[in-house]
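Data first, discussion second: the structure below is written as structure tokens.
Worth knowing before you read on, the calculation uses all heavy atoms, side chains too, and leaves out hydrogens, waters and symmetry mates. First the proteins, then the strands, lettered A, B, ... as listed; each starts at 1. On a predicted model such as this, the values are computed, not experimentally measured, just so you know.
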Number of protein chains: 2
Amino acid sequence: MSLNIDQIIKKSQEACVLAGVKLTTKRKNVLIVLLSSIRPLSAYEIFERYKDQFNESLPVMSIYRMLDFLIREKFVHKLETANQYIACAHITCDHQHETPQFLICDNCHVVKEVGIKRNIMAKLEQSIQSTGFTLSHQQLELHGICEHCQNKPK
Amino acid sequence: MSLNIDQIIKKSQEACVLAGVKLTTKRKNVLIVLLSSIRPLSAYEIFERYKDQFNESLPVMSIYRMLDFLIREKFVHKLETANQYIACAHITCDHQHETPQFLICDNCHVVKEVGIKRNIMAKLEQSIQSTGFTLSHQQLELHGICEHCQNKPK
DNA sequence: ATATGTTATGTTACAACATAACATTTATAG
DNA sequence: CTATAAATGTTATGTTGTAACATAACATAT
């Protein structure tokens with residue numbers, strides 16, 4: 001477990017104490033699996049890696065429940081367009097977050113989490129609210145090709 | 001089949017002739033199923049409704065292939081966040097379309113297809129391109145509560 | 001009219017993603 | 001220490017989607 005991951009876990013522990021919820025060992029380990037991956041993972045991939053990394057086999061059903069918990073506590077995002085899960089890039093930040101926006105490379109499947117500039121999001125919201133619609137779960141998922149894959153010859 | 005659907009099908013037929021592809025009876029019927037629904041439908045729901053509406057049972061596999069065709073020809077959109085399909089709201093329009101944006105009501109599951117204002121989309125793209133990422137399949141899916149459901153008491 | 005190629009559709013089997021329902025274990029408050 | 005709530009395990013099943021291969025329908029050339 002890299003130093004960086006250590007720090008993120010520590011921060012998550014603290015956040016859980018504040019929220020009055022428990023980051024159990026297994027929940028923590030699922031988060032570590034996600035933090036260890038450069039790509040988002042499906043629940044079944046997490047299942048496989050958990051086995052490898054911790055030498056213990058969790059039921060997939062439990063993985064889903066732990067993911068629910070981690071999503072509820074905002075340590076993990078679900079990419080709805082890919083049916084995959086990814087650790088939040090901002091667990092260690094203290095400030096209020098911008099609307100998360102995921103740039104998903106359809107070639108190498110790397111995902112970059114960036115914030116949407118507040119003024120752009122505000123305009124988007126404004127144009128949406130004029131239709132009478134109220135947003136919830138704000139999150140944008142955009143598909144394309146990352147810089148690295150563009151510069152690489154096929 | 002309502003008059004309106006009739007007109008849309010006619011327009012689709014013409015577009016297929018222009019594109020040199022065939023809108024077969026079954027493909028057309030799948031499109032009619034979607035046009036007849038106020039909500040997006042999953043492939044399996046289309047399967048059920050096709051049976052009801054046309055008194056004929058298509059294999060689900062064929063439904064998927066017909067959906068592929070209809071999406072390729074831009075008569076249908078896939079909502080990636082819901083794994084559902086919906087007829088394009090603009091089949092009968094002649095003008096170049098804006099980036100489609102779907103407002104999905106998480107309460108009644110109605111979907112409204114609106115265009116994103118070009119200047120907002122341009123800014124969004126610009127902020128994305130500054131990260132080196134190149135967009136493809138442009139489409140936004142936003143979840144929330146529609147006007148109707150907001151005004152209704154729970 | 002027959003052969004051949006091409007596109008569309010059918011069939012079977014299965015992979016991948018996800019949840020329901022209920023049982024058991026573990027943590028902790030009284 | 002025990003009642004109870006939370007977490008996790010177990011089993012079964014539902015939902016979405018694709019792979020691989022077969023057949024049907026139609027067009028075109030001879």
(message) Does a side-chain N or O of Y64(A) approach OP1 or OP2 of dA18(C) to a distance below 4.0 Å, or not?
(response) yes
(request) To the nearest Å, give me how far apart CG (D68(B)) and P (dG17(D)) are. (result) 10 Å
(message) What residues from residues 73-85 of chain B pass a heavy-atom cutoff of under 4.0 Å to DNA chain D?
(response) K78(B), N83(B), Y85(B)
(message) Please classify the nucleic acid contact of M61(A) as base, sugar-phosphate, or nothing, using heavy-atom distances under 4.0 Å.
(response) base
(message) Side chain of Y44(B), heavy atoms from C-beta onward: which of dA8(C), dT8(D), dG17(D) has the nearest atom to it?
(response) dG17(D)
(message) Between S62(A) and dG9(D), is there a contact of a side-chain N or O with OP1 or OP2 at under 4.0 Å?
(response) yes
(request) Could you check how far CE of M66(A) sits from P of dT19(C), rounded to whole Å? (result) 15 Å
(request) Begin with the C-alpha distance, continue with both residues' side-chain angles, and end with the deciding distance and a verdict on side-chain contact (heavy atoms from CB on, under 4.5 Å) for V30(A) and Y50(A). (result) CA-CA 7 Å; V30(A) 168; Y50(A) 193 104; 4.0 Å; yes
(message) Side-chain heavy atoms nearer than 4.5 Å, only ILVMFWY residues, links allowed to pass through others: does that put I8(A) and F69(A) together?
(response) yes
(message) For K78(B) and L67(B): C-alpha separation, side-chain torsions, deciding distance, then whether side-chain contact (heavy atoms from CB on, under 4.5 Å) applies.
(response) CA-CA 9 Å; K78(B) 174 172 186 181; L67(B) 286 170; over 6 Å; no
(message) Applying side-chain contact (heavy atoms from CB on, under 4.5 Å) to V111(B) and L103(B), what does each step give before you reach the verdict?
(response) CA-CA 6 Å; V111(B) 172; L103(B) 305 180; over 6 Å; no
(request) Give a yes or no on whether a salt bridge exists between R39(B) and E45(B), defined as a side-chain N under 4.0 angstrom from a carboxylate O. (result) yes
(request) For dA7(D), take OP1 and OP2 only and decide whether either is under 4.0 Å from a side-chain N or O of T24(A). (result) no
(message) Is it true that Q84(A) and S42(A) share a donor-acceptor pair across their side chains at a distance under 3.5 Å?
(response) no
(request) Check the pair I5(A) / S36(A) against side-chain contact (heavy atoms from CB on, under 4.5 Å), numbers first and verdict last. (result) CA-CA 8 Å; I5(A) 291 182; S36(A) 312; 3.9 Å; yes
(request) Starting from C1' on dT8(D), measure out to CZ on F69(A) and report it in whole angstrom. (result) 14 Å
(request) Let me have a per-nucleotide readout for nucleotides 22-30 of chain C, 5' to 3', with B, S or -, counting only protein heavy atoms under 4.0 Å. (result) ------S--
(message) If you take the centroid of each ring, where Trp contributes its six-membered ring, are H77(A) and F102(A) closer together than 6.0 Å?
(response) yes
(message) Between C1' on dA7(D) and CG on L70(A), what's the gap in Å once rounded to a whole number?
(response) 13 Å
(request) Return the value, rounded to whole Å, for the distance between atom CG of L58(B) and atom C1' of dA8(C). (result) 12 Å
(request) Nearest whole angstrom, please: distance from the P of dA7(D) to the CG of L23(A). (result) 11 Å
(request) Take the protein atom CD of E56(A) and the nucleotide atom P of dT8(D), then report the distance between them rounded to whole Å. (result) 11 Å
(message) Within the 3.5 Å criterion, strictly below it, is a donor on Q129(B) or T134(B) matched to an acceptor on the partner's side chain?
(response) no
(message) Using whole Å, what does the distance between atom C1' of nucleotide dA7(D) and atom CD1 of I63(A) come to?
(response) 14 Å
